[in-house]
There are 2 protein chains.
Amino acid sequence: MKDLSNNTIERICKIFGYLDALQKKEIGFISSRELAQGLGTTEYTVRKDLSTLGVTGHTRRGYDVKLLKTQLGEKLHLTQKRKAGIVGLGRLGTALLDYEKFKVDGFEIVAGFDCSINKLERIRTQIDVFSVNDLKRVVAERHIELGIIAVPEAAAQNVADTLCAAGVKGILNFSPVKVTVPEGIVYLDMDFTNALRFIAARL
Amino acid sequence: MKDLSNNTIERICKIFGYLDALQKKEIGFISSRELAQGLGTTEYTVRKDLSTLGVTGHTRRGYDVKLLKTQLGEKLHLTQKRKAGIVGLGRLGTALLDYEKFKVDGFEIVAGFDCSINKLERIRTQIDVFSVNDLKRVVAERHIELGIIAVPEAAAQNVADTLCAAGVKGILNFSPVKVTVPEGIVYLDMDFTNALRFIAARL
DNA sequence: TCTATACTGTGAAATAATTCACTTAAAAAC
DNA sequence: GTTTTTAAGTGAATTATTTCACAGTATAGA
Ligand SMILES: NC(=O)c1ccc[n+]([C@@H]2O[C@H](COP(=O)([O-])OP(=O)(O)OC[C@H]3O[C@@H](n4cnc5c(N)ncnc54)[C@H](O)[C@@H]3O)[C@@H](O)[C@H]2O)c1
Ligand SMILES: NC(=O)c1ccc[n+]([C@@H]2O[C@H](COP(=O)([O-])OP(=O)(O)OC[C@H]3O[C@@H](n4cnc5c(N)ncnc54)[C@H](O)[C@@H]3O)[C@@H](O)[C@H]2O)c1
């Protein structure tokens, strides 16, 4: 399979999530047009994307929701469960820690980390929490592949370095600074302020 | 000015944020190349973007950081302060409510809303909180332009409808469902799970 | 003051993404 | 059983975006 553009991957991820909703509504088949509508794109693009991935639908019926979900999951390696750790257990970090839906979607938060012993002692959660000093060990022991950064911006780069050194493969960064990561590490920013800026620019 | 692509706007928003960091470091001028590096794009694209916006740099020096920030702010209407309201004051919503950096960046959270009287009574925050029943009134009174959705997915569409009816111009949605909004309303999803999926697909 | 340099700014070229137009095929309707 | 309809699949055309190449120039340094 030729490698996919970021745009395609992004759309497929959205479709993947959208299929959940369809399954809940017990919808068995969905056309490229309806899919496009639910996603804010065009039927052509949806068909091209799916066709690029080599998944296929049915004339006059559309795509089999259940089957499509399975196929997309396989193609994008979304079926295997991934373990994640959160660094920075402040307001945002603890909210993420307790967000149960991640697990449902195949992303299990298996550890939280903070530098403040005080914080670690006070936190009430189901998830095991550790000092950042133990990060490397815990990442290895628990096979953590994904690191989630929720520390203040001043600490973000340092935490990213630590995570990469510990062997995580991907990083999701909630701090408002872009951090640099070694070649080969997948990195994504979730900058809420930028999102608001984007909206403001479009107003 | 011809209208800008989403890609360009997204990059400019990032540059805008990046310039803050440069100002803190007291860097006066920055070249398209350095800017590109800090953003994960190319110098060509940066120059094209800035040139498209009609802002201009200096031979052999690059772009004046302070001036560029001002100019980009004007071009993207990022200089005027925007008022926002958050609907859904659970784990995520309250974290957002207390996040002070929004204000620094020109987005002032002027109200929180929830449907649970119980929750409203317990919340300890500087920001005024209201019942969703008062949403329409408060949005009008406080000139709220941006709505932030942090309610459970089942309630998201309903809340979006209420916000739009109340007159907000833009919506940032943290719930994992895509909601539909009337023509003319700017809408953006912040789906953390999709972000993790994207990373997993790239691993 | 002069010169070499390191930048920008921008048309043109290359590449990528989207849209279109049309073929094919299965299901539904009659 | 035949016809009609609806939607997938896909090369080709179009459109958009990125990259390139280089002319122009203000600055730093001599
Ligand atoms: N709270 C929000 O709603 C919100 C919104 C947008 C962005 N953010 C960003 O998310 C990040 C976290 O925000 P927050 O509000 O949760 O902050 P917070 O101050 O509540 O929490 C930060 C936590 O990180 C810990 N920490 C600091 N340095 C550390 C290090 N080197 N290693 C490990 N832990 C460390 C602190 O002990 C603290 O518990 C920040 O970068 C913030 O800008 C937060
Ligand atoms: N917590 C996280 O870290 C996290 C992560 C990703 C996505 N999200 C999404 O963000 C949203 C909020 O998550 P949360 O963890 O804060 O949930 P939560 O259950 O803690 O809070 C939801 C709040 O919304 C209120 N609410 C419910 N219906 C409402 C309505 N119709 N009008 C006004 N208020 C209403 C509830 O009273 C509650 O206070 C959810 O859609 C969730 O999927 C949360």
Side-chain angles (χ1 to χ4, degrees), chain A residues 1-16 18-19 22 27-72 75-76 198 201-202, chain B residues 1-16 18-19 22 27-72 75-76 198 201-202:
Chain A
M1 175 184 36
K2 69 194 71 159
D3 66 4
L4 308 164
S5 72
N6 281 349
N7 283 358
T8 295
I9 293 191
E10 216 174 299
R11 284 190 299 258
I12 298 289
C13 288
K14 279 191 195 168
I15 290 179
F16 193 82
Y18 192 65
L19 292 172
L22 294 173
I27 291 169
F29 284 84
I30 181 115
S31 71
S32 54
R33 183 172 313 180
E34 293 168 292
L35 225 28
Q37 201 154 43
L39 255 83
T41 179
T42 68
E43 53 177 317
Y44 318 116
T45 304
V46 168
R47 289 210 296 277
K48 259 285 192 292
D49 283 343
L50 296 180
S51 148
T52 305
L53 275 165
V55 311
T56 170
H58 294 284
T59 300
R60 250 196 87 111
R61 306 238 272 152
Y63 299 86
D64 180 318
V65 172
K66 192 164 177 303
L67 179 61
L68 184 56
K69 181 123 196 292
T70 310
Q71 290 176 316
L72 295 183
K75 301 283 181 184
L76 296 196
F198 185 93
R202 277 274 176 245
Chain B
M1 174 183 40
K2 69 194 70 156
D3 67 5
L4 307 164
S5 73
N6 281 349
N7 284 358
T8 295
I9 292 190
E10 216 174 297
R11 283 189 300 257
I12 298 290
C13 288
K14 279 190 195 169
I15 290 180
F16 193 82
Y18 192 63
L19 293 173
L22 294 174
I27 291 170
F29 284 84
I30 180 119
S31 70
S32 55
R33 183 174 310 177
E34 293 167 293
L35 226 26
Q37 200 154 42
L39 257 83
T41 178
T42 68
E43 52 176 317
Y44 319 116
T45 305
V46 168
R47 288 210 297 275
K48 257 285 190 300
D49 283 342
L50 296 181
S51 148
T52 305
L53 275 165
V55 310
T56 170
H58 294 284
T59 300
R60 252 196 84 114
R61 307 239 269 151
Y63 300 86
D64 179 319
V65 171
K66 192 165 178 302
L67 179 62
L68 184 56
K69 181 126 196 289
T70 310
Q71 290 176 318
L72 295 183
K75 302 284 181 182
L76 296 195
F198 185 92
R202 277 273 176 241

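To find a chain, count down the sequence lines: A is the first, B the second, and so on, and within it residues start at 1. The model shown is predicted, which means the values in this text are computed figures rather than measured ones.
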D:dT17 OP1/OP2 closer than 4.0 Å to side-chain N/O of B:R11: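 The answer is no; no side-chain N or O of B:R11 sits under 4.0 Å from OP1 or OP2.
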Contact under 4.0 Å: A:N6 side-chain N or O vs C:dA16 OP1/OP2: no
Sugar-phosphate only, base, or nothing, as touched by A:T42 at under 4.0 Å among non-hydrogen atoms: sugar-phosphate
Sugar-phosphate, base or nothing in reach of A:T8, heavy atoms under 4.0 Å: nothing
Atom pair distance, as rounded to whole Å: [atom1] in [X] and [atom2] in [N]:
X     : N      : atom1 : atom2 : value
B:E10 : D:dT17 : CD    : C1'   : 14 Å
B:H58 : C:dC7  : NE2   : C1'   : 12 Å
B:E43 : D:dC22 : CD    : C1'   : 13 Å
B:I30 : C:dA6  : CD1   : P     : 17 Å
B:D49 : C:dT8  : CG    : C1'   : 15 Å
B:D3  : D:dT15 : CG    : P     : 16 Å
A:L53 : D:dT10 : CG    : P     : 13 Å
A:L4  : C:dA16 : CG    : C1'   : 14 Å

Distance (rounded to the nearest 0.5 Å) between [X] [atom1] and [Y] [atom2]:
X     : Y     : atom1 : atom2 : result
B:K48 : B:T41 : NZ    : OG1   : 12.5 Å
A:Y63 : A:R47 : OH    : CZ    : 6.5 Å
B:I12 : B:L4  : CD1   : CG    : 7.5 Å
B:L35 : B:I15 : CG    : CD1   : 4.5 Å

Candidate list A:R11, A:K14, A:K75, test salt bridge (charged side-chain N to carboxylate O under 4.0 Å, His left out), partner A:D49, passing option: A:R11
Along DNA chain C (nearest heavy atom to each residue), the more 5'-positioned of A:Y44 and A:T59: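 Looking at DNA chain C, the more 5' nearest nucleotide goes with A:Y44.
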If you check the [X] side chain, which of [options] turns out closest?
X     : options               : result
B:R47 : C:dA25, D:dA8, C:dG9  : C:dG9
A:R60 : D:dT5, D:dC20, C:dG9  : D:dT5
B:R61 : C:dT18, C:dT8, D:dA28 : D:dA28
A:T45 : D:dT18, C:dT19, D:dG9 : C:dT19
A:K48 : D:dA8, C:dT18, D:dT19 : C:dT18

